[in-house]
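A short write-up of the structure that comes next.
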Amino acid sequence: MATDTLTGPTIMGTATRTRVFKNFIDGEWVESSTGETFEDRNPADTRDVVGIFQKSGKPDVDAAIDAAKRAFAKWRLVPAPKRAEIVYRAGEMLMERKEEYSRDMTREMGKIIKETRGDVQEAIDTAYYMAGEGRRMFGPTTPSELPNKFAMAVRQPLGVCAMITPWNFPMAIPSWKLLPAIVCGNTCVIKPAQDTPLSTFNLVRTLSDAGVPKGVINIVSGFGSRIGAPLMEHPEVRAISLTGSTDVGRIVGTTAAKSFKHCSLELGGKNPMIVLDDANLDLAIDGGLWGGFGTTGQRCTATSRIIVQKGIYSEFVERYVERAKALKVGNGLDETVEMGPAVNEAQLKTDLDYVQIGQSEGAKMKCGGHRLDKGDYQYGWFLEPTVFIDVDPKMRIAQEEIFGPVVSIIPCDSLESAIEIANNIEYGLSSALYTKDVNKAFTAMRDLHAGITYINAPTIGAEVHLPFGGVKATGNGHREGGFGAIDFYTEWKSIYVDYSDKLQKAQIDRVD
Ligand code: NAD
């Protein structure tokens, strides 16, 4: 899969081994047709080149789709429980490789090691769940309106599926797509995010080692601007699954619609956490810090807005800011570090731009807001944990997805006004409420307009066996995770078996 070369860049003057990764097409590791490559660098220390990857072009995409099409002819006929056994085996192998892959992931995207272990675990959990689906995939049998006639509906695979993934969950999100797709009998071409291809390569390599036949999963690395279109427009692709920004979702959705491809879009978020006067404050502060600064705020489900009732507002703000200031920022491979860097320079710039925007809008910045660039920080893209208070819900920092460690705290009068603030937004992915009042909790569960609601927990922490996704600009109505994924990667076929030995006409042969 990868070859080592000693000609890579150096860290502190010492030559390092730089691994060169090829595309995986039809069971072979192959160079891209373009002859071009790109580097995957560690955002905590940009001297560290994690790997060199192929900068692919249309011919590579076409070759991968071709291989997937040929593989589909056989793979769809492998019994689903057998397909699922391979996925189960991959789960076992991921468990053995968990530490190695977690470290690779921290190096390539900066998330702290505890969290990258969670990311790999999510792929393992998905493997075990989807392995079970191989023996379920139930369809209904139902009485026919005619005598001696049998009726049922079965799930069928779609064919070649294209997957385009983001960098923030570089193994978990590809696993949400690849594993249900192949258990259902589809074949796949995946394009990982250019910031984090290695983790997806590690997943695909494991699936191949576990016995997934050649051509069933193909990986083509490169840039969305170049290989996104050939992947989406190819007539042999029957389904596209994108997780990414709302802007890219719009492009993918409209492209897919032109050729009636199935299309699943999991997009941006601006997630509210409401803290009412009666909340357990210790719990809410712990949750708000974890939700706001986990993955450096770079989760689609990040707690980027905290809406706090006025009775406890001052105390919440004081204690929250104190704790945010104390978070240890650094290289995520250090077990004591609590927050890593931004994923790349462009994201850090976006974060700093929003710091400016928040200040110019009149929000009070209570902590953070500065790039950390002294000492060990100088080689990475680090920002201090940043908290704005007294934020007006209409301000841009409270409306737009920043995707960084920038939290807005918004005061509110009541549960009703908090829900109104929470819902008055373009997105609708995750939401949370802290209260001890069961009536208020159930009101919020009903009225928060989002795909996910947590009670007494922050907006992050989804489990793999429940549907995952959002409403409004967060998606187009599909769900990943659990049975939601099986719905996307299969098509219903209704089957009627007439054993009456005569022509029977539905709706016509009847006694009124
Ligand atoms: P992005 O939209 O920039 O990129 C996502 C993927 O799309 C990448 O692989 C990229 O190469 C590709 N892409 C870019 N331009 C393309 C084009 N024109 N055609 C086809 N593909 C193209 O997003 P990102 O920066 O990688 O990830 C962050 C975004 O993802 C955030 O908005 C975040 O909220 C969202 N996200 C959503 C979920 C969810 O489940 N709702 C989960 C994680 C991340």
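Remember, it's 1-based here, ligands and their atoms both numbered in the order they're listed. All values below were derived from every heavy atom in this structure, side-chain atoms included, with hydrogens, water molecules and symmetry-related copies excluded.
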Atom 20 (C) of ligand 1 sits nearest the protein heavy atom Gly228 CA, 3.5 Å
Note: ligand 1 atoms sitting under 4.0 Å from heavy atoms of Ile164 are 6 (C), 7 (O), 9 (O), 12 (C), 20 (C), 21 (N)
Problem set entry | Presence of salt bridge, Arg41 and Asp48, under 4.0 angstrom | no
Short version for Phe169: what comes under 4.0 Å of ligand 1, heavy atoms counted, is neither
Under 3.5 Å between some N or O of ligand 1 and some N or O of Leu267? yes
Gln194 heavy atoms within 4.0 Å reach ligand 1 at atoms 10 (C), 11 (O)
| query | Could a heavy atom of Leu242 be found less than 4.0 Å from some atom of ligand 1? | reply | yes
With Asn23 as partner, the option from Ser33, Ser56, Ser32 fulfilling side chain to side chain donor-acceptor pair (under 3.5 Å) is Ser56
Fill in: Ala193 heavy atom under 4.0 Å from ligand 1
yes
If you scan protein heavy atoms around atom 28 (C) of ligand 1, the nearest is Phe403 CE2, 3.5 Å
| message | Looking at Lys328 and Asp334, is there a salt bridge between them, counting it only when a charged N and a carboxylate O are closer than 4.0 Å? | response | yes
Q | Trp176-ligand 1 polar pair, N/O distance under 3.5 Å | A | no
Is it the case that ligand 1 has an N or O less than 3.5 angstrom from some N or O of Asn168? no
Q.
Are Glu480 and Phe488 packed together at the side-chain level, in the sense that at least one heavy-atom pair is separated by less than 4.5 angstrom?
A. no
Looking only at protein heavy atoms, what sits closest to atom 15 (N) of ligand 1 is Val248 CG2, 3.7 Å
In this structure, atom 42 (C) of ligand 1 is nearest to the protein heavy atom Cys300 SG, 2.9 Å
Would you please indicate if the ring centroids of Phe201 and Phe24 are separated by under 6.0 Å?
no
With heavy atoms and a 4.0 Å threshold, my read on which part of Met232 contacts ligand 1 is side chain
Looking only at protein heavy atoms, what sits closest to atom 31 (C) of ligand 1 is Glu401 OE1, 3.5 Å
Going by the 4.0 angstrom heavy-atom rule, the piece of Leu231 near ligand 1 is neither
Ligand 1 atoms nearer than 4.0 angstrom to some heavy atom of Ser245 are 1 (P), 2 (O), 23 (O), 29 (C), 30 (O), 32 (O)
If we number the atoms of ligand 1 from 1 as shown, the ones under 4.0 Å from a heavy atom of Thr243 are 5 (C), 36 (N), 37 (C), 38 (C), 39 (C), 40 (O), 42 (C), 43 (C), 44 (C)
Sequence neighbours excluded, the answer for ring pair (Phe, Tyr, Trp, His ring centres under 6.0 Å) partners of Phe468 is Trp176
Honestly, for Glu480 the part within reach of ligand 1 (heavy atoms, under 4.0 Å) is neither
Taking every heavy atom of Cys184 against every heavy atom of Pro157, the minimum-distance pair comes out as O-CB, 3.2 Å
Query - Exam field: side chain Glu108 to backbone Ser199, donor-acceptor pair closer than 3.5 Å - result: yes
Fill in: Heavy-atom side-chain contact between Met171 and Asn202 under 4.5 Å
yes
Of all protein heavy atoms, the one nearest atom 35 (C) of ligand 1 is Gly244 O, 3.2 Å
Note: Ile173, heavy atoms under 4.0 Å from ligand 1, region reported as side chain
shortest atom 25 (O) of ligand 1-to-protein heavy-atom contact is with Trp167 NE1, 3.0 Å
Query raised in the report: With under 30° as parallel and over 60° as perpendicular, where do the rings of Tyr129 and His465 fit, or are they tilted in between?
Result: tilted
In ligand 1, the atoms that come under 4.0 Å of a heavy atom of Leu429 are 41 (N)
Residues 286-298 vs side-chain hydrogen bond (donor to acceptor under 3.5 Å, both in side chains), sequence neighbours excluded, gives Glu115-Thr295, Asp286-Arg323, Thr295-Arg299
When distances are taken from atom 27 (O) of ligand 1, the protein heavy atom at minimum range is Pro166 CB, 3.4 Å
Worksheet item: Is Thr246 close to ligand 1, meaning an N/O of one under 3.5 Å from an N/O of the other?
Response: no
Would a distance-only check, ignoring hydrogens and angles, find a side-chain to backbone donor-acceptor pair under 3.5 Å from Glu361 to Arg396? yes
